[in-house]
Amino acid sequence: MATGLSARSLALLVIDVQPSFALPEPIVNGIRALSRQLYTVATIERHDEAVTPFERQLGWKPAPDDDSLVPTDRLFIKHGYLPPAALIDHLRSRAVERVLVCGIQADTCCLAAGFMLFDAGLHPTLLKWLSVGSSLDPSADLGARLWQHHFGSVLHEPADLSLAD
């Protein structure tokens, strides 16, 4: 499905891979390895109750000072499910056409990013093997089905990703 994608028109978007969220080390290592091959941006969820009332509404909050567990070319701070609009502006400024998405909560945070990317015309693609779901969807199967339904683009294993220079 992704055979022959040009690395020049791609970006890797890493969603909330940070200490506040438990993510299996093999997935973190896989994301790190791919981040060395592609231009990589990431979001980090930080807590600011005045912006997004996580604690008041959900009884939970991410750390106020987490940092990415994956080296990136550009880091975007977010408060809530959606990435900041500056992320879209940045990807457009780099002439990105397709965004490979991975990270935390394929069915919520990744999906929210997917909608934002889709609406901006940036062709989101979920990398299922490098993603986890919420506590409702630990396997990320529901998230992958939602991605396939809404965006038509899910890669299930590394062999599905073939990059061309």
Side-chain angles (χ1 to χ4, degrees), residues 1-18 20-21 23 26-46 48 51-52 62 66-134 140 142-165:
M1 175 193 228
T3 303
L5 291 175
S6 168
R8 287 184 276 272
S9 65
L10 286 173
L12 176 65
L13 171 56
V14 179
I15 302 291
D16 304 348
V17 176
Q18 62 192 78
S20 285
F21 305 112
L23 193 67
I27 291 179
V28 175
N29 290 338
I31 295 170
R32 285 179 183 144
L34 189 56
S35 76
R36 289 190 289 273
Q37 298 177 51
L38 294 170
Y39 184 79
T40 302
V41 296
T43 62
I44 294 298
E45 178 67 38
R46 295 232 176 114
D48 183 342
V51 177
T52 301
D66 265 359
D67 211 353
S68 180
L69 295 174
V70 175
T72 64
D73 296 295
R74 184 81 187 267
L75 183 66
F76 293 87
I77 305 302
K78 69 182 188 110
H79 302 282
Y81 292 102
L82 287 174
L87 172 72
I88 298 297
D89 295 338
H90 178 72
L91 293 172
R92 282 183 172 154
S93 77
R94 294 191 53 87
V96 169
E97 295 175 24
R98 180 170 301 277
V99 182
L100 306 176
V101 180
C102 61
I104 298 294
Q105 299 194 347
D107 54 325
T108 57
C109 293
C110 290
L111 188 63
F115 282 117
M116 199 171 182
L117 293 164
F118 182 86
D119 286 353
L122 295 176
H123 306 283
T125 299
L126 180 69
L127 304 179
K128 185 179 183 297
W129 78 96
L130 296 177
S131 301
V132 297
S134 67
L142 172 61
R145 288 195 326 265
L146 289 166
W147 271 78
Q148 187 64 46
H149 174 76
H150 291 292
F151 314 125
S153 191
V154 175
L155 302 180
H156 291 271
E157 57 189 47
D160 294 339
L161 183 61
S162 174
L163 299 174
D165 290 326

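The first residue of the sequence shown is numbered 1, and numbering continues consecutively from there. In this text the structure is predicted, and so the values were computed from the model without any measurement.
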To the nearest 0.5 Å, tell me how far Leu10 CG sits from Leu161 CG. 7.5 Å
Using the test side chain to side chain contact (heavy atoms under 4.5 Å, CB included), find all partners of His150 that sit at least two apart in sequence or belong to another chain. Phe115, Leu146
Could you measure the distance from the CG atom of Leu122 to the CD1 atom of Ile88? Nearest 0.5 Å is fine. 5.0 Å
Using the side-chain hydrogen bond (donor to acceptor under 3.5 Å, both in side chains) rule, collect all pairs that involve residues 109-118, keeping only residues at least two apart or in two chains. none
Would you please test Leu91 and Leu13 for side-chain contact (heavy atoms from CB on, under 4.5 Å) and show each step? CA-CA 10 Å; Leu91 293 172; Leu13 171 56; 5.5 Å; no
Search all heavy atoms of Ala112 against all heavy atoms of Leu82 and return the closest pair with its distance. O-CD2, 3.6 Å
Smallest separation among heavy atoms of Ser68 and Thr72, with atom names: OG-CG2, 4.2 Å
Go through the structure and list residues passing side chain to side chain donor-acceptor pair (under 3.5 Å) with Ser131, not counting sequence neighbours. none
Please identify each residue that fulfils side chain to side chain contact (heavy atoms under 4.5 Å, CB included) with Gln37, with sequence neighbours left out. Leu34, Leu163
Arg94: what forms a side chain to side chain contact (heavy atoms under 4.5 Å, CB included) with it, not counting sequence neighbours? Tyr39, His90, Val96
Gap between atom NE2 of His156 and atom CD of Gln148 - 0.5 Å precision: 6.0 Å
Heavy-atom pair of closest approach, residues Asp16 and Phe21: O-CD1, 3.3 Å
What pairs of residues pass the salt bridge (charged side-chain N to carboxylate O under 4.0 Å, His left out) test when at least one of them lies in residues 110-126, not counting sequence neighbours? none
Using every non-hydrogen atom in the two residues, find where Pro124 and Trp147 come nearest and quote the distance to one decimal. CB-CZ3, 3.4 Å
Hey, does Leu12 have a side-chain heavy atom less than 4.5 Å from the side chain of Ser35? yes
Going by the side-chain contact (heavy atoms from CB on, under 4.5 Å) test, name the single residue among Leu130, Leu126, Val14, Leu38 that passes it with Leu100. Leu38
Tightest non-hydrogen contact, residues Gln18 and Ile44, listed as OE1-CA, 3.4 Å
Tell me, please, which residues at least two apart from His79 pass side chain to side chain contact (heavy atoms under 4.5 Å, CB included). Arg46, Asp48, Val51, Thr52, Ile77
Which side-chain hydrogen bond (donor to acceptor under 3.5 Å, both in side chains) pairs, counting each pair once, include a residue from residues 102-118, with sequence neighbours left out? Gln105-Thr108, Asp107-Ser134
Contacts of type salt bridge (Lys or Arg N to Asp or Glu O under 4.0 Å), residue Arg32, not counting sequence neighbours: Glu25
Distance, nearest 0.5 Å, that separates CD1 of Ile15 from OG1 of Thr43: 3.5 Å
Where Pro83 and Ala113 come nearest, the two heavy atoms and their spacing: CG-CB, 3.7 Å
Leu87 side, atom CG; Lys78 side, atom NZ - distance, nearest 0.5 Å: 10.5 Å
Residues in side chain to side chain donor-acceptor pair (under 3.5 Å) with Thr40, at least two apart? none
In this structure, OH of Tyr81 is separated from CG of Leu111 (nearest 0.5 Å) by 11.5 Å
